[in-house]
Student: 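Below is one structure. I have some questions about it.
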Amino acid sequence: MTDTLLEKGLPLSDATKIYRISTNGHYGFDFNPREIEAINKGKLAPPGVSVIRANSVDEATKIWNGAFPNRPTTSVGEAKVVDLRKIGFDVIHDPSKGKLGVNHARLIHSEGINGFNTNKSKLFGIFKGCKG
């Protein structure tokens with residue numbers, strides 16, 4: 001891993017690679033129902049979508065499939081944090097209590113949910129499809 005000293009809620013380093021996983025077709029950047037519910041209850045602040053911090057698409061796939069063997073990966077998108085910052089997004093360390101643990105991070109936008117939704121089309125130019 002590129003980030004050795006991580007603290008929940010703090011930004012990841014520029015060189016960090018992150019991966020957006022899909023289990024149903026091509027990966028996307030819409031908030032899932034669980035994220036929307038958490039945002040509405042004020043429990044997901046800042047609002048964002050889940051990503052995996054890993055060194056490669058193979059590692060990210062292995063992490064996901066190990067955590068969720070009944071929901072295997074169908075596609076993966078890869079990006080570097082530095083490139084996301086250039087378009088107004090950031091990635092924070094957000095370890096989960098679940099099976100993704102310390103590999104879980106959250107992709108956020110500096111203008112919150114409205115900025116995320118307004119600018120999410122830019123993400124497709126940054127994330128590279130690695131599989132699927």
Side-chain angles (χ1 to χ4, degrees):
M1 291 296 141
T2 54
D3 294 280
T4 55
L5 300 173
L6 297 171
E7 189 173 325
K8 183 177 174 69
L10 291 183
L12 299 180
S13 70
D14 281 351
T16 304
K17 291 182 186 178
I18 60 161
Y19 298 86
R20 180 73 172 158
I21 303 286
S22 174
T23 60
N24 186 17
H26 199 69
Y27 63 90
F29 300 101
D30 292 322
F31 293 105
N32 67 40
R34 197 172 89 236
E35 291 164 336
I36 291 170
E37 182 180 342
I39 291 166
N40 290 338
K41 290 181 177 180
K43 294 182 177 183
L44 189 60
V49 297
S50 293
V51 292
I52 292 178
R53 181 177 55 88
N55 291 315
S56 69
V57 67
D58 291 335
E59 181 182 8
T61 300
K62 183 177 178 181
I63 291 166
W64 178 270
N65 290 342
F68 304 106
N70 296 329
R71 294 172 42 208
T73 301
T74 58
S75 65
V76 181
E78 174 186 72
K80 283 190 178 177
V81 171
V82 67
D83 296 325
L84 294 164
R85 288 189 175 123
K86 292 176 185 175
I87 59 169
F89 287 85
D90 206 347
V91 183
I92 60 172
H93 182 55
D94 189 29
S96 72
K97 295 177 184 173
K99 297 176 181 174
L100 295 177
V102 298
N103 296 100
H104 185 261
R106 192 169 352 131
L107 175 65
I108 61 173
H109 192 275
S110 59
E111 297 173 10
I113 194 167
N114 290 333
F116 194 102
N117 286 331
T118 301
N119 293 286
K120 69 183 172 186
S121 63
K122 295 176 184 177
L123 293 169
F124 289 103
I126 301 297
F127 276 82
K128 307 301 179 216
C130 301
K131 183 178 180 181

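FYI, side chains are in, hydrogens and waters are out, and symmetry mates aren't considered; it's all heavy atoms of this structure.
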Student: Go through the steps to decide whether F89 and I108 satisfy the test side chain to side chain contact (heavy atoms under 4.5 Å, CB included), and finish with yes or no.
Tutor: CA-CA 6 Å; F89 287 85; I108 61 173; over 6 Å; no

Student: Could you tell me whether a side-chain N or O of W64 sits under 3.5 Å from a main-chain N or O of R71, the two making a donor and an acceptor?
Tutor: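 Present.
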
Student: A side-chain contact here means heavy atoms from C-beta on lying under 4.5 Å apart; do L12 and I92 qualify?
Tutor: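 L12 vs I92: side chains apart.
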
Student: Taking everything shown except N40 itself, do over 12 heavy atoms lie less than 6.0 Å from its CG?
Tutor: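 Enclosed: over 12 neighbouring heavy atoms sit under 6.0 Å from CG of N40.
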
Student: Check whether more than 12 heavy atoms from other residues, nucleotides or ligands sit under 6.0 Å from atom NZ of K8, and answer yes or no.
Tutor: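 Check passes, neighbour count above 12.
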
Student: Mind listing the side-chain donor-acceptor pairs of residues 111-118 below 3.5 Å, one per line with the distance, residues two or more places apart or on another chain?
Tutor:
residue : atom : partner : partner atom : Å
N117    : ND2  : I113    : O            : 3.4
T118    : OG1  : N114    : O            : 2.7

Student: So which atom in I126 and which in A79 form the shortest heavy-atom distance, rounded to 0.1 Å?
Tutor: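 Between these two residues, the closest heavy atoms are CG2-CB, 3.9 Å.
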
Student: Is there any salt bridge (Lys or Arg N to Asp or Glu O under 4.0 Å) pair reaching into residues 26-36, and which pairs are they, with sequence neighbours excluded?
Tutor: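 Pairs touching residues 26-36 that pass the test: D30-K120.
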
Student: Is there a path of hydrophobic side-chain contacts, each under 4.5 Å between heavy atoms of I, L, V, M, F, W or Y residues, that connects I87 with V49?
Tutor: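 Same cluster: I87 reaches V49 through Ile, Leu, Val, Met, Phe, Trp or Tyr contacts under 4.5 Å.
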
Student: Of all heavy-atom pairs between I21 and A60, which one has the smallest distance, and what is that distance?
Tutor: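 Heavy atoms only, the tightest pair is CD1-O, 4.3 Å.
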
Student: With distance as the sole test, does N103 use its side chain to make a donor-acceptor pair with the main-chain N or O of R53 at under 3.5 Å?
Tutor: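 Pair found, side chain donor or acceptor close to backbone of R53.
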
Student: Judged by atom type as modelled, is there a donor-acceptor pair below 3.5 Å linking the side chain of E59 to the main-chain atoms of N55?
Tutor: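 A pair under 3.5 Å: yes.
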
Student: Answer yes or no: is there a side-chain heavy-atom contact under 4.5 Å between R85 and P11?
Tutor: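 Touching, per the 4.5 Å side-chain cut-off.
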
Student: When hydrophobic residues are tied together by side-chain contacts of less than 4.5 Å, even through go-betweens, does I36 share a cluster with F29?
Tutor: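 Both belong to a single hydrophobic cluster.
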
Student: Does one hydrophobic cluster hold both V102 and V81, with members joined at side-chain heavy-atom distances below 4.5 Å?
Tutor: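 In one cluster: no.
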
Student: Write down the atom of N65, the atom of P72, and the distance for their closest heavy-atom approach.
Tutor: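 What the structure gives for the nearest pair is OD1-CA, 3.3 Å.
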
Student: Looking at K86 and D83, is any side-chain nitrogen of the basic one under 4.0 Å from a carboxylate oxygen of the acidic one?
Tutor: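 Salt bridge flag = yes for K86 with D83.
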
Student: Using modelled atom types and a 3.5 Å cut-off, is there a donor and acceptor pairing between side-chain atoms of K128 and backbone atoms of G125?
Tutor: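 Side chain of K128 to backbone of G125: a pair is present.
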
Student: Only one of L123, D90, D14 passes side chain to side chain contact (heavy atoms under 4.5 Å, CB included) with L84; say which it is.
Tutor: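 Only one option passes, and that is L123.
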
Student: Closest approach of G25 and S75, non-hydrogen atoms and distance?
Tutor: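 Heavy atoms only, the tightest pair is O-OG, 2.7 Å.
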
Student: Taking R106 for its side chain and V91 for its backbone only, find out whether a donor-acceptor pair lies under 3.5 Å.
Tutor: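 The answer is no, because no donor-acceptor pair under 3.5 Å joins these two groups.
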
Student: Out of curiosity, K80 NZ to F127 CZ, how far, rounded to the nearest 0.5 Å?
Tutor: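 It is 13.5 Å, given to the nearest 0.5 Å.
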
Student: Would the distance check show the side chain of R20 and the main-chain N or O of S50 forming a donor-acceptor pair, the cut-off being under 3.5 Å?
Tutor: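 Pair found, side chain donor or acceptor close to backbone of S50.
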
Student: Between Y27 and Y19, is the gap from one ring center to the other below 6.0 Å?
Tutor: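 When the ring centroids of Y27 and Y19 are compared, they turn out to be at least 6.0 Å apart.
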
Student: Quick check: do H93 and L10 have side-chain heavy atoms less than 4.5 Å from each other?
Tutor: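 No, too far: nothing below the 4.5 Å cut-off.
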
Student: Taking the side chain from T73 and the backbone from T23, do they hold a donor-acceptor pair closer than 3.5 Å?
Tutor: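 It does not hold such a pair.
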
Student: In Å and rounded to the nearest 0.5 Å, what is the CD to CG distance from E37 to N32?
Tutor: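 Atom-to-atom, E37:CD and N32:CG are 10.0 Å apart.
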
Student: T74 side chain to N24 main-chain N or O, any donor-acceptor pair under 3.5 Å?
Tutor: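 At least one qualifying donor-acceptor pair exists.
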
Student: Write down the atom of A67, the atom of L100, and the distance for their closest heavy-atom approach.
Tutor: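 So the minimum-distance heavy-atom pair works out to CB-CD2, 3.8 Å.
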
Student: Could you give me the CA-CA distance, side-chain angles and deciding distance for F68 and I63, then say whether side chain to side chain contact (heavy atoms under 4.5 Å, CB included) is met?
Tutor: CA-CA 9 Å; F68 304 106; I63 291 166; over 6 Å; no

